[in-house]
Amino acid sequence: MKLLVAVKEVATVEDSFEVDGTEIDDRYLGARLNEWDEYALEEAVQLREAGVADEVVTVTVGPEEHEQSIRKALAKGADRAVRVWDDALADADLLDVRAKTDVLRAVVEEEEPDLVLTGVQSGDDSWGATGVALADEVGYQWAAVVNDLEHDLADGTASVRRELEGGVEELTDVELPAVLTVQTGINQPRYASMRGIRQAQRKELAVKDFSALGLDPSAVEGSLERTAMYEPESESDVAVWEGSSDETAGALADLLREKGVAP
Amino acid sequence: MSAVLVVADHRQGELRDVSYELVSAGDGLAEQSGGDLHLAVVGGDVDRFADELDLAGVDAIHTIARGEEFNHDVYVESTEQLVESIEPTYVLGPNSVNGLDYLPAVANRLGRPLVTDAIDLETDGDRLELTRECYGGKVETTIELEGEAVVSVREGEWPAATEPGDASIEPFDVTIDEDAVGSTVTGFEEVTGGDVDITEADVLVSIGRGIEDEENLDLVRDLADALEATLSSSRPIVDNGWLPPNRQVGQSGKVVTPDVYVAIGISGAVQHVAGMKGSDTIVAINTDPDAPIMDIADYAIHDDLFDVVPALIEQFE
């Protein structure tokens, strides 16, 4: 069984920063492997260690600078990596779900994995949509926001738990092949060992452009335009109750009764 | 004319609050674009749900009685077929866990752009401007698009629609290819300590690091009892094992939108604020007047919680 894990390098922002046009000034940006994808990767590596999967391949849509994060994924146990980049991607100012879906579809069709894992969302743009759109596009089944996966994958079925709101989990059986979007907390992602880091340098990291994948540059012509970016205004118009504890507690009690929510 | 279709969200026999918020969001778009507001109820007790969502602004409600619970294949097929019938410019759904399980597939099938987690929407009937957050809420961005779109809206950002309406309510027939249904829900389970759902509370008494010690929890328990409120907390309290995970408010806990949220000894880290900023009224009790919680609080008491809380309990005795 082959597993494909879509991992992404995301930008991190310092506490104090400036916005330049519709982007954060890159002096204030750092980079890391997307937190959610780290859990997806760990889940895949555990499946291989359990003997359920034979191979774990990562796929990343990103420029050469992102190879530091891809090597990190290889150091943590992925067997090989595919990185997709193209001038068309470099020129796109906003990569929407459609564009990412089209690019990843080409990789899924080439690799033909039995199971695709990826994070629920990315820490920067937080679209939270690519996994499910990809599944639909390639005709796989799917489940979003998975916080538990049974590791036997018996009878071509993935038994998962989906983390719903309000502390409720949905138990669902999903037929393979499938795409699962993985929630943080599903496992404890490992740190890369020194041995893993050394081995990662020798693992295959294939770079593919659009022509290699049979993609047309129009695949990334999105219909969305980012028109502004700004820091949310602080809305500190707080009314401070002054006085003794009895007085302030009295003011709060009055408010609660006024709202009709206290006895 | 550009119609709007909103798809309601429900679970285990009840409409979720976001369904009423979706009516407000959809009504706003319909008003701005001069179109009709359609609403779809898929699965569950569709007739009761339709009655509950027959609210001012809604022109037509389409009921699709298929199954009791959410199934993404049914939702994708139903939404797709409704869109083909109504031809709405905008399809709105919840940015809930289930919303994220079907709306991306809907957008993919319809070949429409998708924008998730919108916190504001404006349209002139042709161009749609959406506001959303990036980098964990450090910045907001506006995104514009022309024409049709599928949008998921963040829960707790729009007011819940309440005014009764006069919509037409009719069943809508969908054809579902049963062979294409590849996932089966086998059950639901509450996470550990599932004694209460803090997302349903009208008043939350929420505590943070300021409570200092586990034994001081009795004080806030007494307060919650006196106010007939529900007790919740920020992450450190749950990490310490003082309260079960189902009491945690925040990004990794629950997103709550009570009428009143009383934050006691909570500094207001962004991860916590993400879970409670949609509260109607926020009261902060904190000795630090510069704590970030003050940025979003409506009322504040800059005093020691160990003085204020007993005085407050006394007010209700």
Side-chain angles (χ1 to χ4, degrees), chain A residues 13 19 22 24 96-98 101 123-129 132-133 135-137 141 143-145 162-175 184 222-232 234-236 238-241 245-246 248-250 252-253 255-256 259 261-263, chain B residues 11 96-98 100-101 104-105 107-109 113-117 134-136 138-146 182-191 194 197 199 202-203 227-228 245-246 252 254-255 259-260 281 283 294-303 307-308 311-312 315-316:
Chain A
V13 187
V19 173
T22 61
I24 289 177
D96 69 3
V97 176
R98 167 89 263 155
T101 300
D124 47 11
D125 284 339
S126 306
W127 288 100
V132 170
D136 187 63
E137 180 66 22
Q141 301 299 329
V145 194
R162 298 180 54 235
E163 184 188 286
L164 303 182
E165 296 86 355
V168 175
E169 295 178 348
E170 178 199 276
L171 283 64
T172 302
D173 288 339
V174 185
E175 291 170 15
T184 57
S223 42
L224 307 183
E225 187 189 352
R226 179 180 287 161
T227 51
M229 178 179 282
Y230 52 90
E231 285 187 69
S234 167
E235 293 159 10
S236 188
V238 61
V240 181
W241 288 314
S245 299
D246 285 336
T248 56
L252 175 48
L255 175 82
L256 294 171
K259 302 254 171 210
V261 293
Chain B
R11 197 175 74 206
S96 59
V97 171
N98 283 343
L100 289 175
D101 200 44
N108 190 58
R109 295 226 184 142
L114 170 72
V115 178
T116 57
D117 208 16
C134 289
Y135 302 105
K138 281 186 173 155
V139 294
E140 289 181 3
T141 62
T142 53
I143 287 174
E144 290 186 26
L145 61 87
E146 298 266 358
S183 66
T184 313
V185 177
T186 58
F188 293 93
E189 265 181 36
E190 300 271 332
V191 297
D197 184 354
T199 65
D202 294 329
V203 184
L227 296 178
E228 296 173 9
N246 65 318
S252 50
K254 312 281 176 62
V255 175
D259 295 337
V260 182
T281 300
V283 181
M294 299 305 166
D295 285 349
I296 56 150
D298 300 295
Y299 299 93
I301 299 172
H302 296 158
D303 201 354
D307 292 328
V308 178
L312 190 55
Q315 293 281 336
F316 290 93

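All chains are named by letter (A, B, ...) in the order of the sequence lines, taking the proteins before the strands, and each is independently numbered beginning at 1. Atom set for the values below is all heavy atoms of this structure, side chains included, hydrogens, waters and symmetry mates excluded.
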I need the [X] [atom1] to [Y] [atom2] distance, nearest 0.5 Å.
X	Y	atom1	atom2	value
B/N108	A/R98	CG	CZ	4.5 Å
B/R109	A/D136	CZ	CG	4.0 Å
A/L256	B/L312	CG	CG	7.0 Å
A/E170	B/S183	CD	OG	8.0 Å
B/Y299	A/L255	OH	CG	5.0 Å
B/D101	A/T172	CG	OG1	8.0 Å

Donor-acceptor pair, [X] side chain versus [Y] backbone, under 3.5 Å?
X	Y	value
A/S223	B/L145	no
B/R11	A/V168	no
A/D173	B/T184	no

I need the residue from [options] with the largest number of non-hydrogen atom pairs under 4.5 Å to chain B.
options	result
A/V13, A/V132, A/T227	A/T227
A/A143, A/A144, A/A239	A/A239
A/G222, A/A133, A/S126, A/G123	A/A133

Exercise. Can you tell which part of A/Q141 gets under 4.5 Å to a heavy atom of chain B, answering side chain, backbone, both or neither?
Key: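 Side chain only.
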Taking all heavy atoms of [X] and all of [Y], pick out the closest pair and write down the distance.
X	Y	value
B/I301	A/W241	CG1-CE3, 3.6 Å
A/A262	B/F316	CB-CE2, 3.6 Å
A/D125	B/C134	OD1-SG, 3.7 Å
A/L224	B/L114	CD1-O, 4.1 Å
B/V97	A/R162	O-NH2, 3.1 Å
A/V238	B/A300	CG2-CB, 3.5 Å

Proximal component of [X], with respect to chain A [non-hydrogen, under 4.5 Å]:
X	result
B/V203	side chain
B/V185	both
B/V260	side chain

Quiz prompt | Test side-chain contact (heavy atoms from CB on, under 4.5 Å) applied to A/Y230 and B/T141, step by step | solution = CA-CA 6 Å; A/Y230 52 90; B/T141 62; over 6 Å; no
Self-check item: Residue pair B/D303 / A/S245, side-chain donor-acceptor N/O under 3.5 Å
Solution: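 Note: B/D303 and A/S245 side chains meet the donor-acceptor criterion.
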As an exercise: rank [options] by heavy-atom pairs under 4.5 Å with chain A and give me the winner.
options	answer
B/D298, B/T199, B/D197	B/D298
B/S96, B/G187, B/P113	B/G187
B/E146, B/E228, B/H302, B/E144	B/E144

